[in-house]
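A short write-up of the structure that comes next.
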Amino acid sequence: MTDATTSSALHPLLARRTSPRAFDPAHELDDATLAALLEAARWAPSSTNAQPWRFLVGRRGDEVHEALVATLLPGNLTWAPAASGLLLVAAEVVDAEGRERRHAAWDAGQAVAHLTVQAEAMGLAVRQIGGFRHDEAGRALGIPERVEPMTIVAVGRRLDGQEAASELAARDAAPRLRKPLAEVAFSRWDTPLDLAG
Ligand SMILES: Cc1cc2nc3c(=O)[nH]c(=O)nc-3n(C[C@H](O)[C@H](O)[C@H](O)COP(=O)(O)O)c2cc1C
């Protein structure tokens, strides 16, 4: 696992963060660790402080973990079941009074970003999953229509090097690539931002 090649020095938690596929199938997510991860998510900013994120938490061996594994698309079945935690992240896109929450998905994503950095700080890792049957997951866990399943967050202890199955290790060791800043940061549209250095 290599640090990101960054054009500015980043905080090590950000530079070192990666989304592994090789998770330790023996790791267990204890209550204190889980509480800290959810607490980090809880303190994310949100539009009007609505906090529209919801986390439905499965730990390997329990019914929720099994129910979420059953919704995974084939490519994710090769690695995600080993994660000690599978958390379905849902966003309350319509509130209990029927009002649309325009930024609910955005807010839920920020909560996951907080959780991810907290996991990294605690020596754990996260890989998010969009490849699952969203409606089936919602039904399996009793989520109402107005709350939208967004991602499954796989969390656990990453396996490095020889500990990992070679196929997953090879994929996790692949160089990490990003678009250059010039492709994503502008002054006006189509005018790359002029940054010194
Ligand atoms: C919303 C979302 C959905 C994702 N879905 C999947 C997925 O279904 N399967 C998978 O292996 N990785 C998935 N990923 C992980 C991305 O592929 C990964 O974050 C990206 O390649 C960048 O790698 P890095 O996080 O290690 O920097 C998802 C990430 C996000 C944010």
Side-chain angles (χ1 to χ4, degrees), residues 1-25 37 40-41 44-46 52-56 58 60 65 67-93 103-138 140 143 147-161 163-181 183-184:
M1 206 68 63
T2 50
D3 284 11
T5 307
T6 59
S7 53
S8 302
L10 294 188
H11 190 286
L13 287 176
L14 298 176
R16 278 185 210 144
R17 185 209 61 78
T18 66
S19 302
R21 295 178 188 81
F23 283 101
D24 179 355
L37 297 175
S46 62
W53 44 73
R54 300 291 179 268
F55 294 89
L56 288 88
R60 198 185 332 88
H65 195 281
L68 292 176
V69 166
T71 71
L72 294 175
L73 298 186
N76 293 319
L77 273 171
T78 55
W79 61 271
S84 51
L86 290 179
L87 283 57
L88 180 67
V89 184
E92 203 181 46
V93 293
H103 294 103
W106 178 275
D107 295 338
Q110 293 203 75
V112 172
H114 270 215
L115 183 154
T116 299
V117 175
Q118 181 67 29
E120 194 69 35
M122 296 171 78
L124 298 175
V126 161
R127 187 174 184 96
Q128 297 178 54
I129 302 172
F132 69 105
R133 291 180 292 276
H134 291 57
D135 292 348
E136 187 182 319
I143 295 178
V147 180
E148 208 172 298
M150 291 287 159
T151 57
I152 295 174
V153 167
V155 59
R157 190 179 85 82
R158 109 183 40 235
L159 290 179
D160 279 322
E163 287 182 293
S166 57
E167 186 263 340
L168 292 181
R171 292 175 77 188
D172 285 351
R176 297 177 60 234
L177 303 172
R178 289 299 190 265
K179 293 175 180 168
L181 270 186
E183 282 185 32
V184 298

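Start at 1 and go down the list; that is how both ligands and their atoms are numbered. Small disclaimer: the values here were computed from a predicted structure and weren't measured.
Side-chain contact between R17 and T116: present, with at least one pair of heavy atoms (C-beta onward) separated by less than 4.5 Å.
For R157 and E163, the salt-bridge test passes: some basic side-chain N is under 4.0 Å from an acidic carboxylate O. Contact check on R54 versus E148 returns no salt bridge, with no Lys/Arg side-chain nitrogen under 4.0 Å from an Asp/Glu carboxylate oxygen.
Near ligand 1, R17, T18, S19, N76, W79, R127, Q128, I129, G130, G131, T151, R176, R178 each place a heavy atom less than 4.0 angstrom from the ligand.
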Pairs of donor and acceptor atoms involving the side chains of residues 74-83, under 3.5 Å and at least two apart or interchain, shall be tabulated with distances.
unit_1: N76; atom_1: OD1; unit_2: W79; atom_2: NE1; d: 3.3
unit_1: N76; atom_1: ND2; unit_2: G131; atom_2: O; d: 3.0
unit_1: T78; atom_1: OG1; unit_2: G75; atom_2: O; d: 3.0

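Rounding to the nearest 0.5 Å places CG of L68 at 5.5 Å from CG of L88. Between E120 atom CD and L14 atom CG the span is 9.0 Å, to the nearest 0.5 Å.
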